[in-house]
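Have a look at the structure below before the remarks.
Fair warning: this is a prediction, and the values are worked out from it, not measured in the lab. Counting starts at 1 for both ligands and their atoms, following the listed order.
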Amino acid sequence: MIDCCIFCQVYLLSMWCTTIYLSLTIICLQYNACNVNALENGLALKPPMGWMSWQRYRCIIDCDTYPYECISEWLFKNATDHIVANGYKEAGYEYVIIDDCWMEMERDPVTQELVPDRKRFPSGMKALADYVHSKGLKFGIYEDYGTHTCMGYPGVINHMELDAQTFGKWDVDYVKLDGCYADIMDMNKGYPEFGRLLNETGRPMVYSCSWPVYQEEKGLMPNYEALKKHCNLWRNWDDIQDSYESLNKITEYFAVNASRIQPNAGPGHWNDPDMLLIGNYGLTVDQSKSQMAIWAILAAPLLMSTDLKNIRPEFREILINQNVIDVNQDALGIQGSRLRVECKIETWVRPINPIINGAHSYAVAWASKRDDGSPCVYSSKLKDLGLTYDKGYEVTDLFDEDHDFDHIFRTNTNITVRVNPSGVQFYKFTPIQ
Ligand code: GLA
């Protein structure tokens, strides 16, 4: 529709064009095919990277007892400071995102605006956004499409325009819109509507939608074409919890449902398997590498949710591993998928840059789901991984730069990895010139 308009402005005087324009308009209206309400905010051309409070800090609101863990302006300023000071910003982490539990239970009785908790956010959200921006980072916030957020704070449903305007006024850069206490049948209309209202503020805000999770868990298949059009990212499935078991359930969902999920990812619109657990209580170092590698294959948003002031160095290193982040952020934006499972070794493959003589490079992760105590030796022929470039590939070990591969790997060459129980080996294959 918009394109038709520009076209017609140029040839405004031509009757021929006017006729075509009118016909196209009718077709557009009839089939709802023209995208006047689409997001088109030019954001999230790569999977968003940042820090989000929920996974680690949930809804801790007792700041008297837990001053360094409660959802408060201190927590987000502190996370901002650590992102800047400890190499995360340099590695690409950008958004500092407040999840649930930041509001007063009631809206302002006069203006009906959302009110940040007066005790925990005494300076207000605009001041917090200013602080985050002053450090060169971006500011995100959480709301819910329904009557209430999942933790019972006010939702946007009857105040959508006001809330979008409020977020614009506070200089928000990223909105996560959850879907508790909402009618799943309304979501196909309501989520796009809120996206449109965000756009109308004139402030570019990444729009993260939880719409598909709530529909799919009730047996309604999400409309991915609509999601791609209206949201920058969306939560496909269950909440991640702080355990390897939960991580595996999520990766299994993404593996099994890849054929309908994978094609929807691309620059500006991403599937979101949920936050990184790395640095918390539930994952070992090997399991953390495994999450980071699979999230890179899946072109997943990289949203840390951990205590950056106390994180152990080995976890920090995983979070800021530039080789792995580069795979995650690959500009082609093609989501990878699980190719096979054999002897409980999963092989995950993603086509990435550079493309040389027409042949893609590939990131390949071998993730072990074994628990038999010693590393498992596993071999695959390159051509069985889909790597068919006849001149062959050079190989880089993305977690171990000192790992020296002394020869070119051809399509018939066997690549042999030794994978720790619940660990991963993660390599990049680059076609030779
Ligand atoms: C839902 C979401 C989580 C988190 C909580 C907050 O469960 O899926 O990511 O935002 O709500 O209440």
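Within the 4.0 Å heavy-atom cutoff, Lys176 counts among the residues contacting ligand 1. Residue contact check for ligand 1: Gln55 places no non-hydrogen atom closer than 4.0 Å to it. Residue Asp239 places a heavy atom under 4.0 Å from ligand 1.
Note: Tyr393 and Tyr389 have perpendicular aromatic rings, judged against thresholds of 30 and 60 degrees for the angle between ring planes.
Numbered from 1 in the order shown, with element, the atoms of ligand 1 that lie under 4.0 Å from a heavy atom of Tyr142 read 6 (C), 10 (O), 11 (O), 12 (O). Short contacts between ligand 1 and Cys150, defined as distances under 4.0 Å to a heavy atom of the residue, involve ligand atoms 1 (C), 11 (O), 12 (O).
When heavy-atom distances to ligand 1 are checked against a 4.0 Å cut-off, Thr149 has no atom that comes that close, whether in backbone or side chain.
Residue Glu200 qualifies as enclosed at atom CD: its count of foreign heavy atoms under 6.0 Å is above 12. Residue Phe405 places its CZ atom among more than 12 non-hydrogen atoms of other residues, nucleotides or ligands, all under 6.0 Å distant.
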Could you go through the side-chain hydrogen bond (donor to acceptor under 3.5 Å, both in side chains) check for Asn310 and Asp307 one step at a time?
CA-CA 6 Å; Asn310 290 314; Asp307 179 356; 2.8 Å; yes
Apply disulfide bond (SG atoms under 2.5 Å apart) to the pair Cys343 and Cys376, showing each step before the final yes or no.
CA-CA 9 Å; Cys343 319; Cys376 172; over 6 Å; no
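Protein heavy atom at the shortest distance from atom 11 (O) of ligand 1 is Asp178 OD2, 2.8 Å. Nearest to atom 5 (C) of ligand 1 among the protein's heavy atoms is Trp54 CE2, 3.6 Å. Remark: minimum distance from atom 10 (O) of ligand 1 to any protein heavy atom is reached at Asp99 OD1, 2.6 Å.
The side-chain hydrogen bond (donor to acceptor under 3.5 Å, both in side chains) with Asp178 is formed by just one residue from the set Tyr145, Trp211, Tyr142; it is Tyr142. When the options Val364, Leu339, Leu298 are evaluated for a side chain to side chain contact (heavy atoms under 4.5 Å, CB included) with Trp348, the one that passes is Leu298.
Nearest residue to atom 12 (O) of ligand 1 from Asp100, Ile97, Val213, Asp144 is Asp100 (criterion: closest heavy atom).
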